[in-house]
Student: 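Encoded as structure tokens, here's the structure I'll be asking about.
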Amino acid sequence: GLVGLPIGAALVDVVGWRGVFGGASAVLAITAIALALILTDPGRATGDGGSSGPGERTSGSGWDRSAIPSTGTALAGTLVLLGHFVLFTYISMIVTDAARFGSGSLAIVLAVFGAAGAVGVTVSGWLSDRWPRATVPAAVLVLLTAFVIVAVAPTVPVLFVIAIVLWGLVSGVFPPAMQVRVLRLASARFRTTAGGVVVATFNLGVAAGAALGGMVVDSGVDRLAPAA
């Protein structure tokens, strides 16, 4: 998303949106085939058909008291991603309609967003190790700051670009930092299940945010940031 979005936006003017989606589908198909050929079946690799001993079967897959804080944290992360995707799903409209950038500037703005996101991914692990409890709340506050700027001053270019940088930075920091936080709250027995909970709740936030954004955008693109 961080790299593909600006590339896709730039290619739309060259090959059209059908060409972009067709190319993305081809890349995904090739990737899926490559993964199927490269990845090894654990059962085949161990020669035991994927079975495990009694101790291994229960380890990392049971519910215990740590399920409450870890699942609750994952659900809180879902709300953050919901807000993010209310806005992110329509970022092109925000750039061109709300911020009034020309269509030629869209790819540049998205590239700035992607570059900031790449930086965020790079430093996320270090931040999570250095400040394990503060990283996620701080990221949410930065995201909120960016959304407030987009809501109240989208037509001020300098402020809007600052908001895009902050937003992109958090989009890189937040997901891995949240996953780390959830897994640290989970016990060794619950950790495998917690990993699945994170994936499920994050995807729920993505889908719900895009759906909510679709309902809000009909009232005007300027309503998206306050809703997020």
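These numbers come from a predicted model, not from an experiment.
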Student: Could you report the tightest heavy-atom contact between Ala177 and Ser124, atom names first, then the distance?
Tutor: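 Reported closest heavy-atom pair: N-OG, 3.4 Å.
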Student: Test: side-chain hydrogen bond (donor to acceptor under 3.5 Å, both in side chains). Region: residues 159-169. Which pairs qualify, not counting sequence neighbours?
Tutor: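 Listed by first then second residue: His84-Trp167.
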Student: Under 3.5 Å, sequence neighbours excluded: what are the donor-acceptor pairs made by side chains of residues 134-149?
Tutor:
| unit_1 | atom_1 | unit_2 | atom_2 | d |
| --- | --- | --- | --- | --- |
| Thr135 | OG1 | Leu127 | O | 2.8 |
| Thr135 | OG1 | Trp131 | O | 2.7 |
| Thr145 | OG1 | Leu141 | O | 2.9 |

Student: Atom CG in Leu183, atom OG1 in Thr192: separation rounded to 0.5 Å?
Tutor: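 Leu183 CG to Thr192 OG1: 9.0 Å, rounded to 0.5 Å.
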Student: Quick check: closest heavy atoms across Asp129 and Pro132, and the distance to 0.1 Å?
Tutor: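 Minimum heavy-atom separation between Asp129 and Pro132: O-CD, 3.8 Å.
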Student: To check you understand the geometry: which heavy-atom pair defines the closest contact between Gly213 and Leu224, and what is its length?
Tutor: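 For Gly213 versus Leu224, the nearest heavy atoms are O-CD2, 3.7 Å.
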Student: Please give me the minimum heavy-atom distance between Leu87 and Ala225, naming the atom from each residue.
Tutor: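 Looking at all heavy atoms of both residues, the closest pair is CD1-N, 3.4 Å.
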Student: List the atom of Pro157, the atom of Thr155, and the distance in Å for their closest heavy-atom pair.
Tutor: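 Between these two residues, the closest heavy atoms are CD-O, 3.2 Å.
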Student: Please check: side-chain N/O of Ser66 versus main-chain N/O of Ser187, any donor-acceptor pairing under 3.5 Å?
Tutor: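 Indeed, once roles are kept as given, a pair shorter than 3.5 Å links the two residues.
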Student: Would you mind reporting whether Phe85 and Val206 have side-chain heavy atoms less than 4.5 Å apart?
Tutor: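 The answer is yes, as the side chains (C-beta and beyond) meet within the 4.5 Å cut-off.
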Student: Could you tell me the separation between the CZ atom of Arg100 and the CD1 atom of Ile94, rounded to the nearest 0.5 Å?
Tutor: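 Going from the CZ atom of Arg100 to the CD1 atom of Ile94 covers 14.5 Å.
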Student: May I ask whether Val150 and Val112 are part of the same hydrophobic cluster, defined by side-chain heavy atoms of I, L, V, M, F, W, Y residues being less than 4.5 angstrom apart, directly or through others?
Tutor: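 Yes, same cluster.
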Student: State yes or no: do Leu204 and Val182 share one hydrophobic cluster built from I, L, V, M, F, W and Y residues joined by side-chain heavy-atom distances below 4.5 Å, directly or via other members?
Tutor: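 Hydrophobic grouping puts Leu204 apart from Val182.
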Student: Give the cluster check for Leu106 versus Ile91: same hydrophobic cluster or not, with ILVMFWY residues linked at side-chain heavy-atom distances below 4.5 Å.
Tutor: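 Result: yes, single cluster for both.
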Student: Evaluate side-chain contact (heavy atoms from CB on, under 4.5 Å) for Ser171 paired with Phe113, printing each intermediate quantity in order.
Tutor: CA-CA 9 Å; Ser171 73; Phe113 182 96; 3.7 Å; yes
Student: Once rounded to the nearest 0.5 Å, what's the spacing between atom OH of Tyr90 and atom CG of Asp97?
Tutor: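 It is 13.0 Å, given to the nearest 0.5 Å.
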Student: Judged by atom type as modelled, is there a donor-acceptor pair below 3.5 Å linking the side chain of Thr96 to the main-chain atoms of Ser92?
Tutor: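 Yes; at least one donor-acceptor contact below 3.5 Å.
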Student: Please table the atom pairs, donor to acceptor, closer than 3.5 Å between any side-chain atom in residues 72-81 and protein atoms at least two apart or in another chain.
Tutor:
| unit_1 | atom_1 | unit_2 | atom_2 | d |
| --- | --- | --- | --- | --- |
| Thr73 | OG1 | Pro69 | O | 2.7 |
| Thr78 | OG1 | Ala74 | O | 3.1 |
| Thr78 | OG1 | Thr201 | O | 2.9 |

Student: Roughly how far, to the nearest 0.5 Å, is the OG atom of Ser128 from the CZ atom of Arg133?
Tutor: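 Here the interatomic distance stands at 14.0 Å.
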Student: At what distance, to the nearest 0.5 angstrom, does CZ of Arg191 lie from CZ of Arg184?
Tutor: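 Nearest 0.5 Å value for the CZ-CZ distance: 10.0 Å.
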Student: Report yes or no: do Val173 and Val180 belong to one cluster of Ile/Leu/Val/Met/Phe/Trp/Tyr joined by side chain heavy-atom distances under 4.5 Å?
Tutor: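 No, it is not one cluster - the side chains of Val173 and Val180 are not joined through contacts under 4.5 Å.
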Student: Passes side-chain contact (heavy atoms from CB on, under 4.5 Å), Val161 versus Val109? Steps please.
Tutor: CA-CA 8 Å; Val161 172; Val109 174; 5.8 Å; no
Student: Shared ILVMFWY cluster between Ile108 and Val158, side chains joined below 4.5 angstrom?
Tutor: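 They do not share one cluster, since no chain of ILVMFWY contacts under 4.5 Å joins Ile108 to Val158.
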Student: Are the side chains of Val198 and Phe202 in contact, using a 4.5 Å heavy-atom criterion?
Tutor: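 Of all side-chain heavy-atom pairs linking Val198 with Phe202, at least one is under 4.5 Å.
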Student: For Val217 and Arg223, run side-chain contact (heavy atoms from CB on, under 4.5 Å): C-alpha distance rounded to whole Å, both residues' side-chain angles, the deciding distance at 0.1 Å, then the answer.
Tutor: CA-CA 7 Å; Val217 76; Arg223 302 289 181 86; over 6 Å; no
Student: CD1 of Ile38 to CD1 of Ile33: how many Å apart, nearest 0.5 Å?
Tutor: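 Atom-to-atom, Ile38:CD1 and Ile33:CD1 are 11.5 Å apart.
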